[in-house]
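So the structure is just underneath, and the comments pick up after that.
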Amino acid sequence: MSNAIVQQRGIGAMIWDYITTVDHKKIAHLYLVAGGLFFLIGGLEALIIRIQLMQPDSNFISAGLYNEMITMHGTTMIFLAAMPLIFALMNAVVPLQIGARDVAFPFLNSLGFWLFLFGGLLLNVSWFTGGAPDAGWTNYAPLSSTSPGHGVDYYVMGLQIAGAGTLIGGINFLVTIINMRAPGMTYMRMPLFTWTTFITSVLILFAFPALTVGLFLMMFDRMFGSAFFDVTAGGNAIIWEHLFWIFGHPEVYILILPVFGAFSDIFSTFSKKRLFGYSAMVFATVLIGFLGFMVWAHHMFTVGLGPIANSIFAVSTMAIAVPTGIKIFNWLFTMWGGSIKLSVAMLWALGFIPTFTIGGMTGVMLGSAAADYQYHDTYFVVAHFHYVIVGGTVFGLFAAMHYWWPKMFGKVLNEKLGHLGFWPFFIGFHLTFFIQHFLGLMGMPRRYWTYFEGQGLATGNLISTIGAFLMAIGTLIFLYNVIYTAIKEPKASADPWDGRTLEWSLPSAPPFYNFKQTPLVRGLDPLWIEKMEGRKGITPAEPLGDIHMPNGSILPFLMSMGLFIAGFGFIYQVDNKLWFIAVAVGMGLFFASMFTRSFKDDLGYHIHKEDLIEKGDGKE
Amino acid sequence: MHLHKYEKIWLTFGFAALIIFLSVVGVSAFHQGHTPAGGLQKVDPDNLESTPPFDKPGVHEKEDGSYEVAVVAEAFGYTPGEIQVPAGEKVTFKVTSKDVTHSFSIVDTNVNMMVVPGQVNEKTHVFRDPGKYLIVCNEYCGSGHHFMSMEIEVVDQ
C-alpha cells in the first residue's frame, strides 16, 4: 500500500499523514483499507453462517449467536464494506476523470471517511460488550424496538454516525461533479463512471435522510421512552418498514450504479471501442435512479397494503428491468466487433454479465406481487440479492480495483494471480447461491438457525457451504496478489491499458496536485482523441501557474471521535445517568472542533510555478 | 449533443418498450383486478382476549357456508396450534400478532401474510386437496423463529 517516500519518513509520520490528510487519493486508500477490513469481517461471519447450515440439526453456534451473525453479516457488508469500497473508487477516480485537482470540499471528504470508520467501529464494539444487534439487518420494529440488551442500540448509533459520513460524501461528489469539471468537459462528455457517481450521489442525498429519520425514531423509542413503533401506545410498527425501505431500495441502486459505470469504462477500454450507446447509457442510469425511489414497497407485498398499492409497486419494479436491459445490451454491443483484451478486469466484467442477468431475472420474478407470495422470505430471496450484490457490486469492485490499481498505487496487479483468483471466486459464488434458489423454492425460509434431517435440504446446503469456502479462497488469492504486487511488481506506466479517459494521462500514481495544468477536454474519451491525433498528452487549458492546495487537518478525526464517545454515552445512559458525562465529553469535543474549523481561517498554501517546473511532469 | 442514428433507434426502442411494458402491466393489474391480500383493520394487541374474532381463536362457520379462521401469532407459536378445515370451501384467514411481527405462510399455497401487531391481515383460500398443510413463520422474529409453526388438516366433507 505504501510507496517508497512514505516508508522513508517512518511509520509514525505516515499514520499522522493519513489521519490528517484531505487528499482525495489518500482518502481513497483509507476507504479501501477500512472497507476491505470490514469486508473480511463480514466474510468471516458469512462463513460461520454457512458452517452452521452445512448439515441438519447443527449446533456449531447457538441460535442467539446465529441471529447476531446474520444481522451483522448483512449490516457490515452493506454499510461498512460495499459502500466504503465504492467510495474508495469514487475518491480515487472521479476527480482525475473530470480533470480536477481534488474534490470540492476536501475537509468534508475526510470528515465523511472518519465518520464512517468510527460508526463502523462503534457497531462492531458490540461484539465485546454483551452481544451484537440481533434483529436482522432490516431491524424491523417491534422486534428491534423491544430487543433486550444493547445490541440494537449499537446498530442505531453506529449506523447513524456512519450514515452521516455517507451523506456528506454524497453531497461532496455532487458539488464536485457539477462545479469542478475541466474546461470542455460538458455533461455529455463525462466518462460513465463519473456519470454513475453523479446519479449515485443524488440517490444518497435523497435516500439517506429516510434512514436518518428512521434511526432517530428508533433511538428515541429505545433510549428516551417515546412510542413511535409501540402499537399498544398508539404507534405504528409498519412506519419503520416504510422508512427503512424508502432508504433501502435506493441503497441497492447506490451499490450497483457506480459499478455499472466502472464496467462501462472497462468494456470500452478493453474492447478498444467507444462505448456503444453512450447517451442511452446515461439516460438509463438517470431512469434507474428515478424509478429506484418508487419501488420500495415491493419488499412489503405481504404486509397487506392492499391490491392497488401492491400492483403499482409491482409495475414500477418491473419497469426498472427495461433501463437495466438497455445497459446489458449496450455492453454486449460495445464488445461486438471490438478488439477484446482479456485482462483480469475484463474477466470480472465478463463474469458479471450472465451473473447479474440471472439476478435481474429473479428480481422481476420477485417483483410480480402475486408470485412473490411464494418466494417471500425464503432462500430464493437470499439467492436473488446475492446474485445482484455479489454478482454485481462485488464483481464490479474486483474489476474496478484491477483496472484502477495502477492509478491508486502505481503498480499493475499481477495478471496471473488475478486470473487464478477469479476462478475459485466465480465458481464458488455460483455454487453457493445458485442452489439457494432451489432451496427457497423447496420452502426453506431465510434466517432459520437450523433444519431437520429428511427434509431434502441437506445436500443443497452442503453444496452452498463448499461454494462459500471457494469464495474465501478466491479472496485470499486476491489479498496475496496485493502483497505480491506491492513487493515484486515494477512501477506502472502512466497508461498501462491504453486508456481513453483523463486519468490515464497522468502518471501512476498521480502527483498530489493531480494536474499540473488543467486539461482541455475536446470530446468524449478525451485521451483517446488526443492519441488518435498523434499527440502525446492532453492539451492544457491554462498556462503553468501557482496551484492552490488545502492544508491537512486533524479536526475531522476529532469530530468523528467525539461522536463515537457520545454514542457510548447515549447507549448506556439508559442504565446509568452518569453516562451523560460521556455524551457531554463527546459532543463537547465535536462542537469544539467544529467551532475551531469555523472560526480559525485556514487558507491553504500554494505550490509555486518554479517548483512545478523543477519537478518536471510530476514523476519523481 | 450529437446522437448517432443507431443510438437514436436504440433509445426509441428503449422508451417504446418502457411505455408498452408499463401499459400492459398496468392494464392487466387494474382492469383484471388482481387482488393480493389486503385490508386495513386495526386491533389492540393487548386486548385480543376481548376482541372478536380473536377472543375465540379457531375455525368458525359463517352463515353463507364459508369459513373464517382466527389465528393469533405470538413468539414462538400460533393459537390454535392445529385446525381442521373442509376441502373445497372458502376459508378466510384472519391473523394478528400479540408481540412482534411474524408471518403466516401456508406451504405450497399462495397464502403468505405478514402478521403485524395492531393490524389484522386476511386472505381467502380454497383448499382443493385434502391432507396436512404446514404453516411456518418466515418473518424473522427472534431466537425461536425456526420453531414457529402450526398445522392445518384439510378433510373431505
Side-chain angles (χ1 to χ4, degrees), chain A residues 62-64 67 70 134-136 138 140-143 146-147 188 231-232 235-238 276-280 283-284 287 300-308 310-312 314-315 318-319 321-323 325-326 329-330 333 369-370 372-374 376-378 443 445-451, chain B residues 1-4 6-8 10-11 13-15 17-18 21-22 25-26 28-30 33-40 42 44-46 75 97 99-101 103-105 107-114 116-123 134 136-147:
Chain A
S62 71
N67 291 342
I70 56 165
D134 60 352
T138 53
Y140 273 12
L143 180 65
T146 56
S147 165
M188 291 313 274
V231 185
T232 52
N236 186 334
I238 299 293
F276 182 90
Y278 171 86
S279 9
F283 286 129
L287 205 57
M300 301 166 61
F301 280 149
T302 61
V303 166
L305 299 174
I308 302 285
N310 279 3
S311 307
I312 290 172
V315 172
M318 291 185 216
V322 176
I326 290 178
F329 280 107
N330 278 338
F333 289 143
D372 181 65
Y373 289 90
Q374 299 279 333
H376 185 85
D377 269 340
T378 66
R446 64 193 280 210
R447 293 168 172 168
Y448 267 28
W449 171 55
T450 188
Y451 51 93
Chain B
M1 187 176 69
H2 171 72
L3 284 178
H4 192 274
Y6 289 156
E7 275 190 33
K8 274 184 197 157
W10 184 231
L11 269 178
F13 176 78
F15 276 104
L18 199 59
F21 198 54
L22 283 173
V25 186
S28 71
F30 294 110
H34 290 172
T35 56
L40 281 171
K42 300 229 166 193
D44 180 0
D46 278 350
S97 163
D99 40 34
V100 300
T101 305
S103 110
F104 181 88
S105 55
V107 176
D108 291 337
T109 71
N110 231 16
V111 179
N112 184 352
M113 294 179 276
M114 253 190 222
V116 183
Q119 303 203 14
V120 182
N121 212 340
E122 67 170 78
K123 175 100 182 170
L134 177 69
V136 292
C137 173
N138 62 22
E139 197 59 54
Y140 174 64
C141 61
S143 55
H145 174 47
H146 56 289
F147 286 127

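Worth saying up front: this structure is predicted, and the values here are computed from it rather than measured. Scope of the values below: all heavy atoms of this structure, side chains included, with no hydrogens, waters or symmetry mates. Below, chains carry the letters A, B, ... as their sequence lines are ordered, and counting in each starts from 1.
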How long is the span from the CH2 atom in B/Trp10 to the CZ atom in A/Phe333, to the nearest 0.5 Å? 5.0 Å
Side chain, backbone, both or neither: which part of B/Leu11 has a non-hydrogen atom closer than 4.5 Å to chain A? side chain
In terms of heavy-atom pairs under 4.5 Å with chain B, which of A/Gly235, A/Ala135, A/Pro445 leads? A/Ala135
Heavy-atom pair with the smallest gap, counting every atom of A/Pro142 and B/Asp99: CG-O, 3.5 Å
Does B/Asn138 reach the main-chain N or O of A/His376 with its side chain, forming a donor-acceptor pair under 3.5 Å? yes
Of the non-hydrogen atoms in B/Gly14 and A/Val322, which two are nearest, and what is the gap between them? O-CG1, 3.7 Å
What residue in B/Val100, B/Thr109, B/Asp44 has the most heavy-atom pairs under 4.5 Å with chain A? B/Val100
Quick one: closest heavy-atom pair of A/Ala141 and B/Thr101, and the distance? O-OG1, 3.5 Å
Most heavy-atom pairs under 4.5 Å with chain B, out of A/Asp372, A/Leu287, A/Ile238, A/Thr146, belong to A/Ile238
Pairwise side-chain contact, B/Lys42 with A/Asn236, heavy-atom cut-off 4.5 Å (strictly under): yes
Indicate yes or no for a side-chain donor-acceptor contact from B/Asn112 to the backbone of A/Phe301 under 3.5 Å, with no hydrogens or angles considered. no
Among B/Ser103, B/Gly144, B/Gly118, B/Cys137, which has the most heavy-atom pairs under 4.5 Å with chain A? B/Cys137
Options B/Ala17, B/Cys141, B/Pro45, ranked by heavy-atom pairs under 4.5 Å with chain A, top entry: B/Cys141
Is the side chain of A/Gln374 donor-acceptor paired with the backbone N or O of B/Asp108 at a distance under 3.5 Å, no angle test? no
A/Thr232, A/Ile312, A/Thr138: which one forms the most heavy-atom pairs within less than 4.5 Å of chain B? A/Thr232
Heavy-atom distances under 4.5 Å only: say whether B/Val107 touches chain A with side chain, backbone, both or neither. neither
To the nearest 0.5 angstrom, please state how far the NE2 atom of B/His146 sits from the CZ atom of A/Arg447. 15.0 Å
Best-contacting candidate, A/Thr450, A/Val315, A/Thr378, against chain B by heavy atom pairs under 4.5 angstrom: A/Val315
The interface call for B/Ser105 against chain A, heavy-atom contacts under 4.5 Å, is neither
From A/Trp449 atom CH2 to B/Ser143 atom OG, the distance as rounded to the nearest 0.5 Å: 10.0 Å
Gap between atom CD1 of A/Ile70 and atom OH of B/Tyr140 - 0.5 Å precision: 4.5 Å
Can you tell me how far apart CE (B/Met113) and OH (A/Tyr373) are? Round to the nearest 0.5 Å. 9.5 Å
So CG of A/Asn67 and NE2 of B/His145: to nearest 0.5 Å the spacing works out to 8.5 Å
